[in-house]
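One structure below.
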Amino acid sequence: MDTSQRLQYRRAAWLLMIQGVLMEGLVFIGVLVLLALQIPQASIAKHADVFFRTIFTS
């Protein structure tokens with residue numbers, strides 16, 4: 001493997017790490033905001049369940 005290919009793999013790995021952190025982090029922050037707005041936890045879980053059922057049954 002030459003140096004340019006190794007550099008491309010390293011950049012791709014960093015981009016995937018950044019994407020993963022943003023995806024998980026934004027959901028976490030969103031749940032914190034909903035809880036700070038005193039949205040009932042059961043309501044959050046109910047709506048999340050609808051979202052996952054829609055994705056995994058399609």
Side-chain angles (χ1 to χ4, degrees):
M1 184 180 320
D2 62 346
T3 307
S4 66
Q5 191 175 18
R6 183 175 290 169
L7 181 62
Q8 286 179 340
Y9 281 132
R10 184 169 289 156
R11 286 179 181 163
W14 274 107
L15 288 173
L16 285 171
M17 290 291 292
I18 292 168
Q19 178 191 14
V21 167
L22 286 174
M23 285 177 61
E24 298 299 326
L26 291 174
V27 170
F28 179 74
I29 291 170
V31 170
L32 288 179
V33 168
L34 291 173
L35 292 174
L37 292 172
Q38 298 180 348
I39 305 296
Q41 198 171 9
S43 177
I44 297 170
K46 177 183 170 189
H47 288 88
D49 182 49
V50 170
F51 175 72
F52 288 120
R53 267 189 283 141
T54 303
I55 290 175
F56 294 120
T57 57
S58 302

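In what follows, residues are counted from 1 in the order of the sequence shown. Computed from a predicted model, the values in this text were never measured in an experiment.
Hydrophobic clustering (side-chain heavy atoms under 4.5 Å, transitive across Ile, Leu, Val, Met, Phe, Trp, Tyr) keeps Val21 apart from Ile29.
The side-chain contact (heavy atoms from CB on, under 4.5 Å) test applied to Gln19 returns Leu16, Met23, not counting sequence neighbours. Remark: Ile39 pairs with Leu34, Leu37, Ser43, Ile44 by the side-chain contact (heavy atoms from CB on, under 4.5 Å) rule, at least two apart or across chains.
Other residues, nucleotides and ligands contribute only 12 or fewer heavy atoms inside 6.0 Å of the CD atom of Glu24.
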